[in-house]
**Student:** 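Could you have a look at this structure, given as structure tokens, before my questions?
Indexing begins at 1, ligand by ligand and atom by atom, following the structure's order. Numbers here simply count residues along the sequence, with the first being 1.
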Amino acid sequence: MLSPAPTKAPRYRAITRANIESTPEWDWVPRELQEAVKTVSTVLPFRTNRYVMSELIDWSNVPDDPMYQLTFVQPGMLSERDFGRMQDLLDSGADRAAVRAAADEIRYQLNPHPAGQKTHNVPHLNGEPLPGMQHKYRETVLFFPGQGQTCHAYCTFCFRWAQFVGLGDMKFEARETDQLTAYLAAHPEVTDVLVTGGDPMVMNAAALEKYLSPLLDPQFEHIRNIRIGTKSVAYWPHRYVSDRDADDVLRLFERVVASGRHLAIMGHYNHPVELSTDVARRAVARIRSTGAEVRMQSPLIRHVNDNADAWAELWRTGVQLGAIPYYMFVERDTGPKGYFEVPLEHAWNLFREAYQQVSGLARTVRGPSMSAFPGKVAVVGVAEVKDERVFVLEFLQARDPTWVRRPFFARYDPAATWLDDLRPAFGEPRFFFEEEEPARLPVLS
Ligand SMILES: *Cc1c(COP(=O)(O)O)cnc(C)c1O
Ligand code: SF4
């Protein structure tokens, strides 16, 4: 049963570089930092909203507050050289075109499209690429609805940032739902559709229904699970509680569940404060009342959640509310990664320190995991084998399904932050997955 919607419903309104100065909270930020936010945001956009500003950020703790770090760009996100260049341009009153050209140049150096997202994961149908989809792992197709390519607020670490600044080159077409259904009809091995973005939950209920309804057709019985990846549960939980079409969204979820499918709302929760408000808790309860599950996943990010106690508290609260801990990711190799990255050894230590604090119900979480080119690689730990200090690693997901859960070893490197930094242990020239051609690369189909 749905609890009734409250009478006074806050309306969503974006706060960006253009109007941040008119918010009362902005006065909490020291002048020098305000200038830096303005400079960095010419390259990396920020976007937030009233709820995040007034209920999640602790302004007395700026700039260290985790939610402030998650929402507002920081001076350390650009190299000194790039920062100086943009500041000079702004100080000299350069026109928009010049600022944009310089910003684009810097953006292209920030690896905007990591892990083969544009080259290796785009599926084909009858020889035509389907740019609004990715099919990397056999069972699961990712679908990026054209109307869901923004967010209620932007995470400063966002690995989809290129889309928000117009570097995305993702071509969305009116035919996109037809392409998805035609592709799924031709691929009975696919059991999961993951609708993602940006954030699909920025769409209104009618738009969302247009994408989801066709999947409920009996010809798609092989689609057993539908997931929606979303940050809305943390950044705008009103989406499920008091927005004008909140009840319509929940009824749509009920319809998906009634079709016999598992519906999972993959909530991108970064920090326990995101589950501390009444509205955030009501959102979880209302989603679960439809029969949908809520799961929690997010990356480990320096300055935001590089803190074992924060993770343990997030997982504990999640389990209590019925949100199932799912993945802890390693921050990806894109954007201002130097600002956010955590060495793999430290990530593993934080993970186990948090994991040791929670009961078995929260140990559904897996990680720390890198979504790298060959697959999702988890750091199992650091060990001594044959007198050599090594990282023990395993695939949780792989381009070739036979690679999954086959332990492999890399030379210990205390500074390594990503799979590309690692070299095989025991003097071997290559990792096992570099020796074989993947058996099933969806892109070859
Ligand atoms: C993580 C991911 C998935 C889903 O993997 P699961 O292990 O099923 O959660 C699917 N496709 C891509 C490209 C991914 O990165
Ligand atoms: S929720 Fe995801 S897509 Fe949206 S801004 Fe954050 S990281 Fe990017």
**Student:** Between the main-chain N or O of Y339 and the side-chain N or O of H303, is there a donor-acceptor pair closer than 3.5 Å?
**Tutor:**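 Pair found, side chain donor or acceptor close to backbone of Y339.
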
**Student:** Determine whether the side chain, the backbone, both or neither of K376 has a heavy atom under 4.0 Å from any heavy atom of ligand 1.
**Tutor:** side chain

**Student:** Measure from atom 8 (Fe) of ligand 2 to each N, O or S atom of C151 and report whether any distance is below 2.8 Å.
**Tutor:** no

**Student:** Would you kindly specify which portion of R227 sits under 4.0 Å from ligand 1, judged on non-hydrogen atoms: side chain, backbone, both or neither?
**Tutor:**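 Just the side chain.
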
**Student:** F395 ring centre to R405 NZ or CZ under 6.0 Å, with the angle to the axis within 45°?
**Tutor:**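 No cation-pi geometry.
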
**Student:** If the plane angle is over 60° it's perpendicular, under 30° parallel, otherwise tilted; pick one for F433 and F431.
**Tutor:** parallel

**Student:** Test of understanding: given a 4.0 Å heavy-atom threshold, classify the contact between L142 and ligand 1 as side chain, backbone, both, or neither.
**Tutor:** side chain

**Student:** Do any nitrogen or oxygen atoms of S371 lie less than 3.5 angstrom from nitrogen or oxygen atoms of ligand 1?
**Tutor:** no

**Student:** Residue-level breakdown please: for F157 versus ligand 2, do any non-hydrogen atoms fall below 4.0 Å on the side chain, on the backbone, on both, or on neither?
**Tutor:** side chain

**Student:** Answer yes or no on whether R406 is positioned over the face of F432, meaning its NZ or CZ is under 6.0 Å from the six-membered ring centre and within 45° of the axis.
**Tutor:** yes

**Student:** Does even one non-hydrogen atom of G198 get within less than 4.0 Å of ligand 2?
**Tutor:** yes

**Student:** Cation-pi check, R13 to Y51: give yes when NZ or CZ is under 6.0 Å from the six-membered ring centre and within 45° of the ring axis, no otherwise.
**Tutor:** no

